Undergrad: 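This is the structure, below, for whatever I ask next.
No experiment lies behind these values; they were computed from the predicted model shown. Labels below follow one simple rule: chain letters A, B, ... track the order of the sequence lines, proteins then strands, and each chain is numbered from 1.
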Amino acid sequence: MRCHLRWSKAFIPTLKEDPAEAEMQSHRLMLRSGMVRQLAAGVYEYLPLGWRVLLKVMQIVREEMNRAGAQEVFLPALSPAEIWQETGRWDDFGDEMFRLKDRKKRDYALCPTHEEIITDLARAKVRSYRDLPQNWYQMQVKFRDEPRPRSGVLRVRHFIMKDAYSLDRDQAGLDASYQAMYDAYHRIFTRCGLKFFVVGASSGLMGGSGSQEFMVASPSGEDSCAVCPGCGYAANLEVARSMRKVPSYPGDQLTEVATPEKRTIEEVAYFLRVPASRLFKSLLYMVEDRPVFALVRGDDELNEPKFQAAVGSGNFRPATPEEVLRITGAPVGFISPVGLEGVRVLADRSLQGAEGMVSGANRDHAHYAGISLERDVRVEKYVDLRMARQGEACPECGRPLDVTPAIELGHIFKLGTKYSQALKANFVDEDGTEKPLIMGSYGIGIERLAACIIEQSHDQSGIVWPLAVAPYQVVISQLGGPGTEAAKVSAQLYQELQDARYEVLLDDRDERPGFKFKDADLVGVPIRVNVGEKGLKEGLVEIKLRKDGQLFKVRPEEVRRKVQELTSVEMWPLKQQ
RNA sequence: CGGGGCGUGGCGCAGUUGGUAGCGCGCUUGCUUUGGGAGCAAGAAGCCCCCAGUUCGAGUCUGGGCGCCCCGACCA
């Protein structure tokens, strides 16, 4: 992507003042440096500088995907409703899917993701195990009508995703395809100069043997991750396990106690003078319209993704107060599975064998004490249902876990056969039988990736681009108007650095030096060459590094060699090419 | 979808008891300046988010919309 530009001709609308709407640093700096402009909530325009950064990022992604054996395609963003109806996601996506009609009044969707499209392609063209494995990827705009776009470019309604899909004949093939993507993602984020970590993530309903997310720690992150500083265990809180000390209480007879107006855990615990951990929460959910109890200790929170995995259905919701009354005979706050027949009960592992517990009596203003889970509750199974917390013991090594907010940059997924079965994407295996394709899917949010780089690499003055993704590698600050020695030397260096295949911005604007320095720092070009009369009197120009302010004074004819020296190490963090 | 905040030149904001709009930055022109966002002078630029109402008169008051931001819910 060779490119060079005179700043006087460039469209780089920088802002001296902070835009009011920007809270995150990356958002603020993208707006101030003239990378983007907002058109509507969650809809951004990429201006020349911003687009150059995205192109750089996409090129890195492309090179690493190709290296991993994936093949680039370009699929439509517009798709007919029928294909979504086949998998049921025309309904499942609900309001999040942008929908429209064509002139014949046929329904279409703007694709929020491309599993359906890919699988349809595969069923049409992949016939034999000899055609496998395949991995197809694209960089394409995804449309999602988010209920609340936010954080600048981090959660938006249309964004570029690199999405890849692997097709394999068996589980071993999927494992290999998945591993290749895992390695590619490592290389991509490393080349982008990011500090990141990988966590185990929720497979939810997708089935298969799991998924992992590539995360960047950030206070603005929408995900929370449990990370063990000791052994490296890391998991999205949706699936994170932890060990807690479970107190035990002496067994007792089941007795009903009056608890007038005591509805919450705190109220009941205080009223009965027992710790919250001695209570258990009886949470009633409707799973496919049938009631299911989820039990966790009073001082724990139910983790809904874990509950979803345990019941094996995504079609669930908390029961309404009316349903609670109808099913248990008591209002919310006084219910439990004790003495109730015909309602499935799932309990958290920490309740296994618990004695002397307190929960609702299924009567207004009354609770049971002395509950024995074994004796009094018909628990279908004990599973991990609770939310892990900061400071609890790592399930692998026992050290205290950190819980940290993070931004999800990439997600790799063993899909299995969910889509191939729904769309009948089969192949004929070696033994002549027809089998569904085993699929994986792998996504990276491109704009999010660029924003995360800024989050991790900026200072008071502006962005500090890593060389690999900088919109330009070198800016020449020409400190003197037309006809001066500075202008002459600047023009020479401009040409010379272009010839050496650098991307160079020549700041030939009619502005004062300080103005140019501020702009260059804001925009974050890694290397600045100052060409001014002051230095030229001694026959020297300055090379200044954006990241640490290091200053080198060299003769103009040495600039090229010095720039090469300064860029060689950082340019290719993986020592390739 | 709940809660909060905000809509006034391109950007950031002010606007008193209701009397027909102002500041800083930016922009245009000229002069002076020129190593960390220069100074002076002269300009241009506003459907005060929209609609209805109250009023002699609304940026300002009332009602209803719409848009944007933040917190939460949600997030294949």
Undergrad: Considering all heavy atoms of both residues, which atom of A:Ala319 and which atom of A:Val324 are nearest to each other, and what is their separation?
TA: CB-CG2, 3.9 Å
Undergrad: Take the angle between the ring planes of A:His27 and A:Tyr44 and call it parallel below 30°, perpendicular above 60°, tilted in between.
TA: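 It falls in the perpendicular class, over 60°.
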Undergrad: Rounded to whole angstrom units, what separation is found between the CZ atom of A:Arg150 and the C1' atom of B:C71?
TA: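 From A:Arg150 CZ to B:C71 C1': 9 Å.
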Undergrad: Using both distances under 3.5 Å as the test, list the Watson-Crick or G-U wobble partner of B:A45, or none.
TA: none
Undergrad: Within the distance-only criterion (no hydrogens, no angle test), does the side chain of A:Tyr494 pair as donor or acceptor with the backbone N or O of A:Leu5 below 3.5 angstrom?
TA: yes
Undergrad: Could you run down nucleotides 32-39 of chain B 5' to 3' and tag each one B, S or - for protein heavy-atom contact under 4.0 Å?
TA: -BBBBBB-
Undergrad: Under 4.5 Å between any side-chain heavy atoms of A:Lys306 and A:Met387, yes or no?
TA: no
Undergrad: With both distances kept under 3.5 Å, what pairs with B:G67, Watson-Crick or G-U wobble?
TA: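 B:G67 is paired with B:C6.
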Undergrad: Heavy atoms only, 4.0 Å cut-off, all strands: where does A:Ser151 land among base, sugar-phosphate and nothing?
TA: sugar-phosphate
Undergrad: Look at A:Arg37 and B:G10 and indicate whether a side-chain polar atom (N or O) is within less than 4.0 Å of OP1 or OP2.
TA: no
Undergrad: Angle class for the A:Trp84/A:Phe93 ring planes (parallel below 30°, perpendicular above 60°, tilted otherwise)?
TA: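 Geometry flag for A:Phe93 against A:Trp84: perpendicular rings.
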Undergrad: How are the rings of A:Tyr285 and A:Phe307 set relative to one another: parallel (under 30°), tilted (30 to 60°) or perpendicular (over 60°)?
TA: tilted
Undergrad: For nucleotides B:A58 and B:G65, find the distance between their P atoms and express it as a whole number of Å.
TA: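 23 Å, rounded to whole Å.
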Undergrad: Using atom C1' of each nucleotide, how far apart are B:U33 and B:C40 to the nearest Å?
TA: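 Roughly 11 Å separates the two C1' atoms.
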Undergrad: Would you mind telling me which residue lines up with the more 5' stretch of RNA chain B, A:Phe93 or A:Arg148, judged by nearest nucleotide?
TA: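 Comparing both residues, the 5'-ward one is A:Arg148.
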Undergrad: Among B:C69, B:C71, B:C75, find the nucleotide with the atom closest to the side chain of A:Ala41.
TA: B:C69
Undergrad: Mind calculating the distance between CD (A:Gln38) and P (B:C68) to the nearest angstrom?
TA: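 Distance check: A:Gln38 CD to B:C68 P gives 8 Å.
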Undergrad: For B:G59, give the paired nucleotide (Watson-Crick: N1-N3 plus N6-O4 or O6-N4; G-U: N1-O2 and O6-N3; both under 3.5 Å), or none.
TA: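 With both distances under 3.5 Å required, B:G59 matches none.
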Undergrad: For A:Arg290, does the CZ atom have more than 12 heavy-atom neighbours from other residues, nucleotides or ligands under 6.0 Å away?
TA: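 Counting other residues, nucleotides and ligands, CZ of A:Arg290 stays at 12 neighbours or fewer.
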Undergrad: Would you measure the distance from the P atom in B:A44 across to the matching atom in B:A21 and give it in whole Å?
TA: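 Straight-line distance between the two P atoms is 15 Å.
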Undergrad: Can you tell me the distance, in whole Å, between the CG atom of A:Asp92 and the P atom of B:C75?
TA: 12 Å
Undergrad: Does any nucleotide pair with B:G26 by Watson-Crick or G-U wobble geometry, both distances under 3.5 Å, and what is it?
TA: none
Undergrad: Determine the interatomic distance between C1' on B:G46 and the same-named atom on B:C23; round to the nearest Å.
TA: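 Approximately 15 Å lies between the C1' atom of B:G46 and that of B:C23.
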Undergrad: Whole Å only: how far is the NZ atom of A:Lys142 from the P atom of B:C75?
TA: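 Computing the A:Lys142:NZ to B:C75:P distance gives 20 Å.
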Undergrad: Is there a Watson-Crick or G-U wobble partner for B:G72 with both distances under 3.5 Å, and if so, which one is it?
TA: B:C1
Undergrad: Given the C1' atoms of B:G67 and B:C31, what is the spacing between them in whole Å?
TA: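 So the two C1' atoms sit 45 Å from each other.
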Undergrad: Angle between ring planes, A:Phe413 versus A:His411, binned at 30° and 60°: parallel, tilted or perpendicular?
TA: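 Geometry flag for A:His411 against A:Phe413: tilted rings.
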Undergrad: Which value, in whole Å, describes the distance between the P atoms of nucleotides B:G3 and B:G39?
TA: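 Rounded to whole Å, the distance is 48 Å.
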Undergrad: Could you tell me the separation between the CG atom of A:Asp145 and the C1' atom of B:C1, rounded to a whole number of Å?
TA: 13 Å
Undergrad: For nucleotides B:U60 and B:U8, find the distance between their C1' atoms and express it as a whole number of Å.
TA: 11 Å
Undergrad: Is the number of heavy atoms from other residues, nucleotides or ligands under 6.0 Å of A:Glu301 CD greater than 12?
TA: no
Undergrad: Return the value, rounded to whole Å, for the distance between atom CG of A:Leu31 and atom C1' of B:C68.
TA: 13 Å
Undergrad: Consider only side-chain N and O atoms of A:Gln138 and A:Asp163, and report whether a donor and an acceptor are under 3.5 Å apart.
TA: yes
Undergrad: Please check this pair: side chain of A:Ser166 against backbone of A:Gly440, looking for a donor-acceptor N/O pair closer than 3.5 Å.
TA: yes
Undergrad: Is it the case that the side chain of A:Arg263 and the backbone of A:Gly333 share a donor-acceptor pair, with hydrogens and angles ignored and the cut-off at 3.5 Å?
TA: no
Undergrad: So what does A:Met161 touch, heavy atoms closer than 4.0 Å: a base, only the sugar-phosphate, or nothing?
TA: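 Since a base atom lies under 4.0 Å of A:Met161, the category is base.
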Undergrad: Check every strand shown and say whether A:Glu17 touches a base, only sugar-phosphate, or nothing at a heavy-atom separation below 4.0 Å.
TA: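 Base contact.
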Undergrad: Starting at atom CG of A:Asp18, determine the distance to atom C1' of B:C70, rounded to an integer number of angstrom.
TA: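 Interatomic distance, CG of A:Asp18 to C1' of B:C70: 17 Å.
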Undergrad: Between protein and nucleic acid, restricted to nucleotides 40-50 of chain B and to nitrogen or oxygen atoms under 3.5 Å apart, what atom pairs and distances do you find?
TA:
none

Undergrad: Roughly how many Å apart are B:C47 and B:G10, using the P atom of each and rounding to a whole number?
TA: 7 Å
Undergrad: Report the base-pairing partner of B:A38 (Watson-Crick or G-U wobble, both distances below 3.5 angstrom), or none.
TA: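 Result: B:U32.
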Undergrad: Distance check needed: B:G10 P versus A:Phe11 CZ, whole Å only.
TA: 15 Å
